[in-house]
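Just so it is clear: chains get the letters A, B, ... in the order the sequence lines come, proteins before strands, and each one is counted from 1. The structure presented is a predicted model; accordingly, all values stated were derived computationally and were not measured.
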Amino acid sequence: MTMKIERELMRGAGPVVVLKLLETGERYGYELVEALSKQSDGILAMGQSTLYPMLYNLEAKGYIKSEWQKQTNGRKRKYYTLTGKGKGRLASDTKQWLAITKAMRAMGVIGGDGSAELGSTSALIPGKVVPS
Amino acid sequence: MSQTQTIDTKTRTTSDRDAKSYIILSGLPPAMVEMMLTVVGKLRLRNGEKYDVACELVEHFHDGIDAGIAPDELMKLFGDTAQIATLIRRSKKRQRSIYWWSMVRTLQAFGCIILLFIICYIGAIFYYHSGSPVISHDYLADVTAKSRSVAEADRAWPLYREALIVLKPAYHELTVGNAIYAKKPGDEGWDETVDFLSTHAESLALVREGGSKPGLGFVVGYTTGAENSALWSMGENEESEPVSLVDGSLIGLLLPFLAEHRTLVKLLSCDVYYAIEQGDSERAAANINAMFGLAKHSRETPTLIGDLVAAAIAAVAFETLGEALQDHPEAFSDPHLHTLAHELSSLTHDRSDNILLVRLGCEEIYMLDVIQRIYTDDGDGNGHLSPDGFSALTAFTDGTVPPESPSSYIFFPAVAAAMADRKELVAEYSRLLDKMIADSMKPLWERATAEECVDAEIERLASDWRWRTKYHMIYLLMPALERASTKSELMVQERDAVMTAVTLELYRRDHNGNYPETLNALVPEYLPSIPADRFVGTDLGYAVSPDYQHITLYCVGADMDDDGGRRPANESKNRTKASQWERRHNNGDDHADDPDGDWILWESEATDEQENIG
């Protein structure tokens with residue numbers, strides 16, 4: 001079942017996911033859109049209206065930097081790269097997400113295999129899970 | 001990525017048209033192009049930023065199409081154009097540098113200040129162009145109150161006028177150049193003077209009678225008055241009418257009687273000698289008393305110039321009496337001398353009618369009258385400079401009335417705001433004048449130093465353009481009163497000398513023709529106390545010859561050094577440079593250039609030589 005993550009939850013998860021994708025090397029916008037969709041099985045897919053403003057914000061904060069590169073076909077693409085500051089932020093966010101996950105598991109919100117205890121979701125998670 | 005080449009879009013010159021052109025020429029489907037144009041159109045970013053976004057979106061859609069996504073699906077994923085434009089605008093603006101934001105905030109602050117200034121200035125234009133001067137106090141009534149209160153029978157002016165109507169047409173018989181001089185026997189022109197005095201004896205008797213009246217009764221105004229038309233023709237009136245700061249202000253007052261008084265006192269001085277020649281000591285003494293009367297009458301209208309004229313008239317009286325005593329010591333009888341000594345003493349007895357006191361405070365009502373004519377009145381003693389008042393002030397400064405123009409209308413508030421408001425102006429003027437008056441009431445030896453006096457303070461204050469602008473009226477209209485403030489003391493010194501000379505003559509008559517060894521011998525029978533040397537505060541200088549036949553009364557003079565009654569070299573008259581008192585300086589290095597010698601106030605013999613003085 002493909003789900004869409006509520007905007008408030010995505011606002012917290014989106015930047016760390018983008019930083020994680022850039023950890024392995026530079027990527028351009030559409031490449032990030034595709035990777036998010038494929039690697040998260042569509043759960044963390046985000047539209048352009050979310051991705052590009054997020055990239056600009058991360059760049060404004062100095063976590064990533066961008067560079068236009070001309071392609072052999074004559075077109076150009078803007079590539080984003082993780083900065084040193086961005087690596088630090090990614091490490092910090094990763095720790096926090098692990099802590100949250102651990103806490104969620106301890107609370108029984110998610111099971112040992114990561115699956116959700118759907119019966120109690122609405123009582124514990126502010127955002128709601130919407131079937132795709 | 002080895003197939004790519006880095007390009008720098010930041011240095012590229014772009015425009016809004018470039019961003020749109022880039023989208024239009026992107027080769028993407030028209031609906032997609034239209035959607036991107038809508039987004040870019042709503043971005044409200046700088047051209048370079050819009051171009052950057054446009055490039056990235058175009059490449060995004062190309063990548064999507066290349067990946068096999070249908071254009072409709074891509075557009076659906078793109079989302080709401082208004083929302084994405086808003087989000088992109090916010091995030092792109094966050095990318096701007098701190099320098100850019102600093103500049104923006106600075107410009108915004110500057111703009112706010114400019115806006116605030118403009119709002120305030122518009123308010124100032126309304127404020128300073130509102131209101132108009134209110135003539136709330138009739139200062140002319142104050143000035144003329146004393147003259148108007150003199151009973152008809154007590155008025156000297158009708159008698160002076162009657163005499164002048166006869167005397168003035170004959171002045172040419174005595175005039176040297178344009179002036180009439182006091183003369184005494186032996187002077188060139190004395191015979192013509194005697195002819196004049198004898199011919200006009202009746203008119204001079206009228207002047208003496210006028211001099212004995214309690215008041216002058218000349219009510220001043222802006223014309224010389226119809227009742228005086230026989231004395232002053234209309235032509236003279238028009239010529240003598242001064243330019244006033246504003247119509248009807250006290251500055252425009254006419255005081256034509258002062259010039260007449262100055263001439264009459266010279267005629268009376270001549271008549272003293274003529275009376276002595278004729279052996280008429282009664283008339284000689286009456287002439288002296290009439291001179292004092294003229295001095296007193298000159299002060300009836302409270303003006304600084306009137307007080308200075310009164311002092312000048314008194315000086316002529318002192319000089320005349322002193323020289324008469326010197327040349328003809330027996331001319332006056334004992335009762336006459338007693339009366340004259342009493343008259344001289346009484347000149348300063350009444351503080352409210354001290355005819356030797358130059359009242360600096362007279363100036364205040366003239367300033368207040370000007371102020372009420374050029375400042376508005378809020379009913380609480382405050383107000384601002386009015387446009388008409390500013391024009392009048394400018395006309396007074398430049399001699400021409402500035403033309404009205406839109407620029408003067410707009411800039412007037414700036415000028416008015418830079419100048420003191422009514423309360424501030426009055427307070428500062430009063431402060432300076434009060435300080436000046438307080439100093440002028442002290443004897444010369446207690447006066448402030450040159451660095452501490454008010455003139456020096458004004459000079460210091462005026463060196464600051466802010467003070468000079470704020471209190472421009474004080475700078476412009478406050479007269480230099482330094483000389484006037486010392487005049488009283490110099491007059492008192494001369495009066496004291498001639499009064500002492502009168503009593504010394506009485507002493508001499510009572511002591512077999514011998515003068516006393518010291519002035520202490522006069523106290524208390526002839527004088528209540530020994531007058532002071534006004535320059536240093538010691539007893540009046542007195543030098544007597546070994547045979548007690550010749551004496552000199554003196555003041556230490558400008559060099560502040562008692563030279564035993566020795567006149568400075570190359571100076572022969574009583575009023576010499578030695579009489580020119582100057583303020584001390586803080587550094588004490590004061591008198592190096594002053595004449596070495598004393599100010600000789602009176603001598604028992606008419607000689608410039610002092611060899612007989614012990």
Looking only at heavy atoms, what is the nearest atom pair of A:Ala35 and A:Arg27, with distance?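 So the minimum-distance heavy-atom pair works out to CB-NH1, 3.7 Å.
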
Polar side chain donor-acceptor pair, A:Gln71 to A:Gln69, under 3.5 angstrom: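 A:Gln71 vs A:Gln69: no donor-acceptor pair found between side chains.
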
Among residues 94-113 of chain B, which residues come closer than 4.5 Å to chain A, judged by heavy atom distances?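 Residues of residues 94-113 of chain B touching chain A at under 4.5 Å: B:Arg94, B:Gln95.
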
May I ask you to list the residues in residues 461-470 of chain B that approach chain A closer than 4.5 angstrom, counting heavy atoms only, ordered by number?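 Not one residue of residues 461-470 of chain B has a heavy atom under 4.5 Å from chain A.
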
Is the B:His384 ring parallel, tilted or perpendicular to the B:Tyr128 ring (thresholds 30°, 60°)?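 Aromatic pair B:His384/B:Tyr128 classed perpendicular.
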
Sequence-distant partners of B:Val58, side chain to side chain contact (heavy atoms under 4.5 Å, CB included), two or more places apart: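 Here the qualifying residues are B:Tyr22, B:Ile23, B:Ser26, B:Leu28, B:Met36, B:His62.
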
Check whether A:Thr83 reaches the backbone of A:Gly62 with its side chain - one donor and one acceptor, N or O, closer than 3.5 Å.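 It does hold such a pair.
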
Residues B:His60, A:Tyr28; criterion side chain to side chain donor-acceptor pair (under 3.5 Å); working and verdict: CA-CA 9 Å; B:His60 172 87; A:Tyr28 55 92; over 6 Å; no

Salt bridge (Lys or Arg N to Asp or Glu O under 4.0 Å) with B:Glu73: which residues, sequence neighbours excluded?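 Partners of B:Glu73 by the salt bridge (Lys or Arg N to Asp or Glu O under 4.0 Å) criterion come out as none, since no residue qualifies.
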
Should the heavy atoms of other residues, nucleotides or ligands under 6.0 Å from CZ of B:Phe411 be counted, would the total exceed 12?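 Atom CZ in B:Phe411 is not packed in, count stays at 12 or less.
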
Criterion side chain to side chain donor-acceptor pair (under 3.5 Å) on B:Glu56 and A:Tyr56, from CA distance to verdict: CA-CA 12 Å; B:Glu56 189 156 27; A:Tyr56 299 153; 2.8 Å; yes

